[in-house]
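Take a look at the structure below.
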Amino acid sequence: MTHSHAGGQRHVVVIPLFDGVRSLTFSGPADVLAGASREDFRYDVLTASHGGVPVRSSNGLVFLPDTALADVADVDTVILPGADGIPLVGPEAAAAINGLVTRAGRLVSVCTGAFLLAGTGLLDGRTVATHWQYADELARRHPEVKADARDIVIRDGPVTTAGGVASGIELGLALVEQDLGRETAQRLARHLVTYLSRPGGQAQFAELRAREARSPALREVQRLVLDSPEGDLTLRTLSQHAGLSERRLSQLFREQVGMSVKEFVEQVRVAFASRLLTETADSQEAIARQAGFGTEATLRHAFLRVLRVSPREYRERFT
């Protein structure tokens with residue numbers, strides 16, 4: 001939805017603020033949208049808080065919102081920013097935010113702002129991005145929401161969500177592309193000296209996300225994999241080490257660790273290889289052998305599957 005103004009249209013974007021907000025999660029998209037405005041189309045970006053009171057961000061900066069949440073008149077897009085962790089807002093503020101989002105034509109969140117959006121029930125059945133460290137918790141609290149820890153920006157119908165703290169810039173560009181076209185978004189990305197869409201997604205920044213098993217036998221299997229990623233880590237070998245059948249080990253591992261034995265081994269090996277790529281000058285072929293992949297081709301396929309970037313791209317980006 002847009003509104004007419006002299007000479008063109010205006011699109012009202014409201015960003016709710018609260019104590020503990022991460023400033024980059026709302027200033028990033030706000031700067032992008034401000035830079036995209038032109039004579040025939042203007043983004044009106046408003047900040048609002050419960051009662052219109054100043055808020056203190058996670059870095060200590062204090063922001064004076066434009067208005068109170070209850071006083072917002074027109075709204076086309078709501079952007080819910082994130083916090084340093086899961087946002088904590090009082091029940092009155094949460095009710096005010098809920099009332100605002102139900103009036104918007106497009107719902108947006110950045111980083112852990114997805115928790116606020118999920119609390120409205122409007123994300124049920126949708127796939128959303130959030131910070132990779134909090135995706136499991138989002139899924140636990142809101143099992144009806146499909147939390148994604150891999151992609152940076154996801155659009156699912158009228159909902160657009162972004163992953164990490166700095167991904168608000170890419171989210172802003174995605175909104176500009178949706179509203180004004182890819183050419184405008186690309187031109188703005190060049191001006192900002194950034195990617196229109198960053199290659200690789202969030203996965204390239206994530207650590208090993210497996211849980212520690214409850215069972216001592218399974219923890220011993222995890223320790224073996226972590227200590228010797230280059231070793232013989234087939235399901236048969238690991239099941240013998242644990243004193244369990246292959247079927248029982250597979251069942252318990254998925255229940256307690258949250259992934260299959262094969263996935264765990266691959267993630268550990270990728271994590272080990274990624275350190276070798278950034279901390280040594282060894283060839284990819286040598287690293288493939290050291291990390292248990294055997295061949296450079298297997299190493300490449302694992303990186304593309306787990307991190308969505310090739311080993312070469314990973315090394316260039318982080319060294």
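Position 1 is the first residue of the sequence; numbering continues from there.
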Please name the pair of heavy atoms, one in [X] and one in [Y], separated by the smallest distance, quoted to 0.1 Å.
{"X": "Leu175", "Y": "Tyr43", "answer": "O-OH, 3.8 Å"}
{"X": "Thr161", "Y": "Ala129", "answer": "OG1-N, 2.8 Å"}
{"X": "Ala291", "Y": "Arg269", "answer": "O-CG, 2.9 Å"}
{"X": "Ser250", "Y": "Leu235", "answer": "OG-CD2, 3.5 Å"}

With a 3.5 Å distance limit and no angle check, can you tell me whether [X] reaches the backbone of [Y] through a side-chain donor-acceptor pair?
{"X": "Thr298", "Y": "Gly294", "result": "no"}
{"X": "Thr280", "Y": "Asp282", "result": "yes"}
{"X": "Gln256", "Y": "Phe253", "result": "no"}
{"X": "Ser283", "Y": "Ala286", "result": "yes"}
{"X": "Asp19", "Y": "Arg56", "result": "yes"}
{"X": "Arg315", "Y": "Leu277", "result": "yes"}
{"X": "Glu313", "Y": "Ser310", "result": "yes"}
{"X": "Asp156", "Y": "Thr127", "result": "yes"}
{"X": "His131", "Y": "Gln133", "result": "yes"}
{"X": "Asp66", "Y": "Thr47", "result": "yes"}

> Going through the checks in order, is the side chain to side chain donor-acceptor pair (under 3.5 Å) test met by Gln251 and Arg248?
Replying inline: CA-CA 5 Å; Gln251 178 188 8; Arg248 184 59 176 161; 2.9 Å; yes
Does one side chain, of [X] or [Y], offer a donor that lies under 3.5 Å from an acceptor on the other?
{"X": "Arg42", "Y": "Ser37", "value": "no"}
{"X": "Arg106", "Y": "Gln178", "value": "yes"}
{"X": "Asp232", "Y": "Thr237", "value": "yes"}
{"X": "Asp40", "Y": "Gln9", "value": "no"}

> Looking at Thr25, Leu24, Thr112, Leu116, which hits side chain to side chain contact (heavy atoms under 4.5 Å, CB included) with Pro81?
Replying inline: Thr25
> Within a reach of under 6.0 Å around CZ of Arg223, are more than 12 heavy atoms found that belong to other residues, nucleotides or ligands?
Replying inline: yes
> Out of curiosity, does Leu238 fall in the hydrophobic cluster containing Leu226 (side-chain heavy atoms, cut-off under 4.5 Å, transitive links)?
Replying inline: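 Linked within one cluster.
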> Given the rule in the side chain to side chain donor-acceptor pair (under 3.5 Å) test, do Asn59 and Ser23 qualify, once you have shown the distances and angles that lead to the verdict?
Replying inline: CA-CA 8 Å; Asn59 60 17; Ser23 59; 3.1 Å; yes
